[in-house]
S.K.: 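Before I ask anything, here is the structure I am working with.
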Amino acid sequence: MAQAGEFKRVLLKISGEALMGARDFGIDMDMVNRVAGEIARAQKRGHEIGLVIGGGNIFRGVAGAASGMERASADYMGMLATVMNALAMQNALMGQGVDARVMSAIPMPTVCESFARARAVRHLEKGKVVLFAAGTGSPYFTTDTGAALRAAEMNCDALMKGTSVDGVYSADPKTDPSAERFDEISYTEMLRRDLKVMDAAAIALARDNDIPLIVFSIREEGNLLDVLEGKGAFTRVTPGA
Ligand code: UDP
């Protein structure tokens, strides 16, 4: 088996929006299949992969709350949306010959496995891709925090955030042409500069548990494999000061 290098076991976080492809809502199966193909190749190179997919392509709690719903109920709807995305990705992975298990933080045994740490670790050790669905299982959190939590619990070598840009910038590169890209930055500096890469709860969890964060673009085909090997464009966010 090929060398998995520094990032043998990783927790990959993809936003729900990344699964929309060119659509403006829901799931684009072409996009899901493309990402699944990259994950399949990474798995075959010996990486152990945990996956957290957001739910923003279907429902976000804050949007529900803004239109008058109780925030906690709206957040549960958001968490259910992440289960839909996880099931779509599991299907795509299985279709490409990769054994994948969905483990939900909210038990729903007729749909998927419930999250149990020891069982999840066992799945990863056996080379199965584990999709951690329903975030943390609690309202008022995000899937970024769910991803940081699972990365810590699974002793991952890195938390990898696949976004629409190729790293962390000093400002939004889509609106500010003078925005500078960092090759490396610490969590503390990112918080000090108020760079909106992950929410503060997710950052605190990753930083306090010494987990580096790799921010890269999931839009470019083949990028995931390059980044796992330390190649290509990405920003490494370090736990140190
Ligand atoms: N959510 C939650 N608790 C969690 C994770 C998610 O309540 O631990 C809800 C929340 O309403 C959130 C929605 O699920 O808006 C979808 O997750 P997120 O916004 O993180 O998805 P992404 O932006 O990554 O697509």
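Here the structure is a predicted model, which is why all the values come from computation and not from measurement.
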S.K.: Are any side-chain N or O atoms of Lys161 and backbone N or O atoms of Val197, one a donor and one an acceptor, separated by less than 3.5 Å?
M.R.: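 Indeed, once roles are kept as given, a pair shorter than 3.5 Å links the two residues.
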S.K.: Working note: Lys196 + Asp194, criterion salt bridge (charged side-chain N to carboxylate O under 4.0 Å, His left out); need CA distance, chi angles, decisive distance, verdict.
M.R.: CA-CA 6 Å; Lys196 310 249 183 274; Asp194 198 23; 2.8 Å; yes
S.K.: What pair of heavy atoms forms the shortest contact from Tyr76 to Pro139, and how long is it?
M.R.: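 Of all heavy-atom pairs spanning Tyr76 and Pro139, the closest is OH-CD, 3.5 Å.
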S.K.: Only one of Leu149, Leu11, Val102, Thr143 clears side-chain contact (heavy atoms from CB on, under 4.5 Å) with Phe132; which?
M.R.: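 Single side-chain contact (heavy atoms from CB on, under 4.5 Å) partner of Phe132 among Leu149, Leu11, Val102, Thr143: Leu11.
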S.K.: Which one of Gln43, Lys126, Lys128 satisfies the side-chain contact (heavy atoms from CB on, under 4.5 Å) criterion with Asp99?
M.R.: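 It is Lys128; the other options fail the test.
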S.K.: Under 6.0 Å from the CD atom of Glu180, do we count more than 12 heavy atoms belonging to anything else shown?
M.R.: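 Not more than 12 within 6.0 Å, no.
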S.K.: If we ignore hydrogens and angles and just use 3.5 Å, is the side chain of Asn85 paired with the main-chain N or O of Gly16 as donor and acceptor?
M.R.: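 No: the side chain of Asn85 does not pair with the backbone of Gly16.
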S.K.: I want to check something: taking the side chain as every heavy atom from C-beta on, are Glu48 and Met154 in contact at a cut-off of under 4.5 Å?
M.R.: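 A side-chain contact under 4.5 Å is absent here.
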S.K.: Where do Arg119 and Arg101 land on the side chain to side chain contact (heavy atoms under 4.5 Å, CB included) test, with the steps shown first?
M.R.: CA-CA 11 Å; Arg119 215 149 14 99; Arg101 296 294 165 88; over 6 Å; no
S.K.: Do any N or O atoms from the side chain of Asp166 and from the backbone of Phe216 form a donor-acceptor pair under 3.5 angstrom?
M.R.: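 Between the backbone of Phe216 and the side chain of Asp166 there is no qualifying donor-acceptor contact (under 3.5 Å).
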S.K.: Checking Glu113 side chain against Met103 main chain: does a donor-acceptor pair fall under 3.5 Å?
M.R.: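 Between the backbone of Met103 and the side chain of Glu113 there is no qualifying donor-acceptor contact (under 3.5 Å).
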S.K.: I need the single residue from Asp199, Asp75, Thr136 that forms a side chain to side chain donor-acceptor pair (under 3.5 Å) with Thr142. Which is it?
M.R.: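 Result for side chain to side chain donor-acceptor pair (under 3.5 Å) with Thr142: Asp199.
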S.K.: So, the side chain of Ser15 versus the backbone of Ala18: is there a donor-acceptor pair under 3.5 Å, distance only?
M.R.: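 Yes.
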S.K.: Less than 4.5 Å apart, any side-chain heavy atom of Ser164 and any of Glu17?
M.R.: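 Ser164 vs Glu17: side chains apart.
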S.K.: Would you find a donor on one side and an acceptor on the other, under 3.5 Å apart, between the side chain of Arg181 and the backbone of Phe234?
M.R.: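 Side chain of Arg181 to backbone of Phe234, a donor-acceptor pair under 3.5 Å: yes, one is there.
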S.K.: Kindly determine whether Met198 and Val215 satisfy side chain to side chain contact (heavy atoms under 4.5 Å, CB included), including the steps that lead there.
M.R.: CA-CA 10 Å; Met198 292 202 304; Val215 182; over 6 Å; no
S.K.: For Met29, does its backbone N or O pair with a side-chain atom of Asn33 as donor and acceptor, under 3.5 Å?
M.R.: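 Pair found, side chain donor or acceptor close to backbone of Met29.
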S.K.: If you draw the axis of the six-membered ring of Phe182, does the NZ or CZ of Arg193 fall within 45° of it and under 6.0 Å from the ring centre?
M.R.: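 No; the conditions do not both hold, so Arg193 does not lie above the ring face of Phe182.
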S.K.: Looking only at atom types and distance, does a side-chain atom of Arg34 sit under 3.5 Å from a main-chain N or O of Arg219, one as donor and one as acceptor?
M.R.: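 Yes; judged by distance alone, with no hydrogens or angles, the pair exists.
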S.K.: When you measure from the side chain of Glu38 to the backbone of Leu225, do you find a donor-acceptor pair of N or O atoms at a distance under 3.5 Å?
M.R.: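 No; zero donor-acceptor contacts below 3.5 Å.
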S.K.: Please tell me if the side chains of Met94 and Gln90 come closer than 4.5 Å, counting only heavy atoms from C-beta onward.
M.R.: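 Yes. Closest side-chain heavy atoms under 4.5 Å.
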S.K.: Got a second to check how far Leu19's CG is from Met84's CE, nearest 0.5 Å?
M.R.: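 It comes to 13.0 Å.
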S.K.: Which value, rounded to the nearest 0.5 Å, describes the distance between Ile39 atom CD1 and Leu93 atom CG?
M.R.: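 Answer rounded to 0.5 Å: 5.5 Å.
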S.K.: Which distance, rounded to the nearest 0.5 Å, do you find between the CD1 of Ile53 and the OG1 of Thr82?
M.R.: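 So the CD1 of Ile53 and the OG1 of Thr82 are separated by 8.5 Å.
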S.K.: For the pair Val98 and Lys44, evaluate side chain to side chain contact (heavy atoms under 4.5 Å, CB included) and give the outcome as yes or no after the intermediate values.
M.R.: CA-CA 9 Å; Val98 175; Lys44 281 171 190 135; 4.3 Å; yes
S.K.: Check whether any side-chain N or O of Tyr187 sits under 3.5 Å from a backbone N or O of Leu213 as a donor-acceptor pair, and report yes or no.
M.R.: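 Indeed, once roles are kept as given, a pair shorter than 3.5 Å links the two residues.
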S.K.: Let's go through Thr238 and Ser186 carefully: what are the C-alpha distance in whole Å and the side-chain angles of both, what is the deciding distance for side chain to side chain contact (heavy atoms under 4.5 Å, CB included) to 0.1 Å, and is it a yes or a no?
M.R.: CA-CA 5 Å; Thr238 58; Ser186 68; 3.8 Å; yes
